[in-house]
Amino acid sequence: MLPRAAATAVVERLARAGFEAYLAGGCVRDHLLGIEPDDYDVATSASPEDVKRVFPGSRGVGEAFGVVLVRVGGHTIEVATFRSDGTYADGRRPDSVRFSSAAEDAERRDFTINGLFQDPVSGKVVDFVGGERDLRERVLRAIGDPERRFAEDHLRLLRAVRFAARFGFLIEPETARAIRTCAPRLAAIARERIGGEVRRMLSEPARPRAVRLLEEFGLDAVVLDEPHRVSVGRRVETPPSEVPFAWALAAWALDRSGDGPETECDPDLPDRWRAALLLSNDETNDVREGLACRRALRAFADLPLSGRKRLAARPGFPMATWLLRREAPERADAVDHWHAATPEAERWPTPLLSGQDLIAAGLAPGPAFKRVLDAVFNEQLDGRLTTRADAIARAIEIAAKDKGSGAGVPRSG
Ligand code: ATP
Ligand code: MG
């Protein structure tokens with residue numbers, strides 16, 4: 001069963017039981033835009049108890065908000081009782097909700113394009129907020145008084161950017177003015193929720209527009225917890241349309257600092273953004289590693305073969321070459337060309353020697369082992385060693401020198 005058919009079945013069953021019921025919000029918007037919705041929400045006059053009576057075995061969640069999860073045909077449909085939100089004391093959540101009418105339920109929603117209902121059987125759209133027209137004219141407009149709506153729930157500031165960016169809609173002037181005015185209030189929102197919104201907008205194809213809007217409205221300062229800036233670089237625009245969050249973050253970080261391959265960004269940035277956006281360990285490490293590889297990649301043309309191969313084997317290499325694509329396309333071409341022309345087995349061959357081989361050759365295990373193995377492997381990567389016998393002879397030579405100099409073999413990688 002398709003998700004839409006499941007949602008339609010829910011609406012029909014509620015209607016047959018005598019209740020008013022519609023598809024609501026994002027799924028109506030997406031459907032009218034010709035986009036396949038991610039999930040379907042149903043809004044109804046039935047109380048949560050009624051919904052559970054019509055669908056025995058369904059589960060109430062956030063019961064106070066009147067939401068019941070109904071399983072139909074392998075899909076979970078969120079069924080919410082028409083409600084109107086009470087006052088917002090904390091700028092995050094309503095203090096109370098009151099079950100109400102379809103019209104009031106539309107009014108409590110954030111933007112007109114998100115405030116539509118639809119009867120899935122007749123296809124009739126029920127529009128209390130002018131959302132159909134705004135969809136047609138490609139306008140993002142707050143429902144009601146924009147400043148009040150953003151003051152109620154500051155997360156709507158970021159939702160505005162996400163929707164305007166995603167659909168390429170113009171933000172209606174009063175709504176835009178209110179976003180600018182209310183931007184500093186976003187600081188009251190939990191870092192986790194800010195990070196969640198930013199993660200979504202930067203992972204979507206419209207990430208360049210999202211970044212531009214965040215900076216245009218001064219939301220970047222609160223989101224990143226650093227002074228407001230307007231990007232000078234355009235790395236975030238580099239295709240493909242969807243990239244890992246860490247790539248988009250690194251691109252944005254560099255864009256805020258400059259536009260060429262020599263651009264440096266603050267070494268503390270990954271840790272600062274980690275705190276600001278509640279990045280995971282993996283995301284933070286990916287940003288750090290990608291930026292480090294990018295720095296190393298500057299010298300690519302002058303690196304020995306072993307240096308190139310070691311760099312290409314690092315986890316941050318794909319991100320680094322992607323960043324270079326916008327900064328110095330001809331250099332990125334050269335790196336890509338080399339990479340494509342060098343088979344994997346040649347880029348990262350099985351080492352000719354292991355620690356066991358060194359022990360068998362009579363060398364005593366110790367801290368010099370790794371240095372010797374690295375140096376031998378470098379010569380293998382450089383194409384200067386091709387047999388095990390040569391590698392062992394070379395290892396003994398290097399080990400003797402390593403011991404002699406005390407300083408050890410030059411470190412690789
Ligand atoms: P997405 O495609 O990102 O899921 P969506 O519009 O479905 O977009 P949801 O967060 O799933 O967004 O919310 C579903 C609906 O609930 C919205 O369309 C909107 O009508 C309403 N809504 C969600 N968050 C808010 C909010 N913070 N303030 C007011 N209404 C909201
Ligand atoms: Mg949704």
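In this text the structure is predicted, and so the values were computed from the model without any measurement. All ligand and atom numbering here is 1-based and tracks the order in the structure. What you see below is based on every heavy atom in this structure, not just the backbone, and it leaves out hydrogens, waters and symmetry mates.
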### Task
May I ask you to check if ligand 1 and Asp30 share an N or O to N or O distance below 3.5 Å?
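Such a contact does not occur with ligand 1.
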### Query
What about Asp41: any of its N or O atoms under 3.5 Å from an N or O on ligand 1?
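No, Asp41 has no N/O under 3.5 Å of an N/O on ligand 1.
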### Query
Could any protein non-hydrogen atom be found less than 4.0 Å from atom 11 (O) of ligand 1?
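For atom 11 (O) of ligand 1 the answer is no, since every protein heavy atom stays at 4.0 Å or beyond.
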Do [X] and [Y] pair up side chain to side chain, a donor and an acceptor below 3.5 Å, judged on atom types alone?
| X | Y | value |
| --- | --- | --- |
| Trp273 | Glu283 | no |
| Ser84 | Arg108 | no |
| Thr76 | Arg71 | yes |
| Glu215 | Ser231 | yes |
| Asp50 | Ser47 | yes |

Which ligand 1 atoms, with their elements, are less than 4.0 angstrom from a heavy-atom of [X]?
| X | result |
| --- | --- |
| Gly25 | 18 (O) |
| Asp153 | 26 (C), 27 (N), 28 (N) |
| Arg29 | 1 (P), 2 (O), 5 (P), 6 (O), 8 (O) |
| Arg166 | 1 (P), 2 (O), 3 (O) |
| Arg162 | 3 (O) |
| Arg200 | 1 (P), 3 (O), 4 (O) |

At the 4.0 Å heavy-atom cut-off, does [X] count as touching ligand 1?
| X | result |
| --- | --- |
| Phe111 | no |
| Arg149 | no |
| Leu155 | no |
| Glu152 | no |

### Message
Which residue and atom name correspond to the protein heavy atom nearest atom 18 (O) of ligand 1, and how close is it?
### Response
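Residue, atom and distance for the closest contact: Gly26 N, 3.1 Å.
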### Task
Pick whichever of Asn114, Asp105, Asp110 has a heavy atom sitting closest to atom 29 (C) of ligand 1.
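That would be Asp110.
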#### Entry: Nearest neighbour of atom 13 (O) of ligand 1 from the list Arg159, Arg156, Arg109, Glu197, on a heavy-atom basis
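When every heavy atom of Arg159, Arg156, Arg109, Glu197 is considered, Arg159 comes closest to atom 13 (O) of ligand 1.
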### Task
From the options Thr112, Leu140, Val129, select the one residue that forms a side chain to side chain contact (heavy atoms under 4.5 Å, CB included) with Asp134.
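Running side chain to side chain contact (heavy atoms under 4.5 Å, CB included) over Thr112, Leu140, Val129 with Asp134 returns exactly one hit, Thr112.
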### Task
Side-chain contact test, heavy atoms from C-beta onward, threshold under 4.5 Å: evaluate it for His75 versus Val10 and give yes or no.
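No; the side chains remain at least 4.5 Å from each other.
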### Query
Any side-chain heavy atom of Phe99 within less than 4.5 Å of one from Ser45?
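Phe99 vs Ser45: side chains apart.
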### Task
List the steps, then state whether ring-ring contact (aromatic ring centres under 6.0 Å, His included) holds for Phe317 with His339.
CA-CA 11 Å; Phe317 181 77; His339 195 262; 5.4 Å; yes
### Spacing of CG belonging to Asp225 relative to CG belonging to Asp220, to within rounding of 0.5 Å
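One gets 11.5 Å once the value is rounded to the nearest 0.5 Å.
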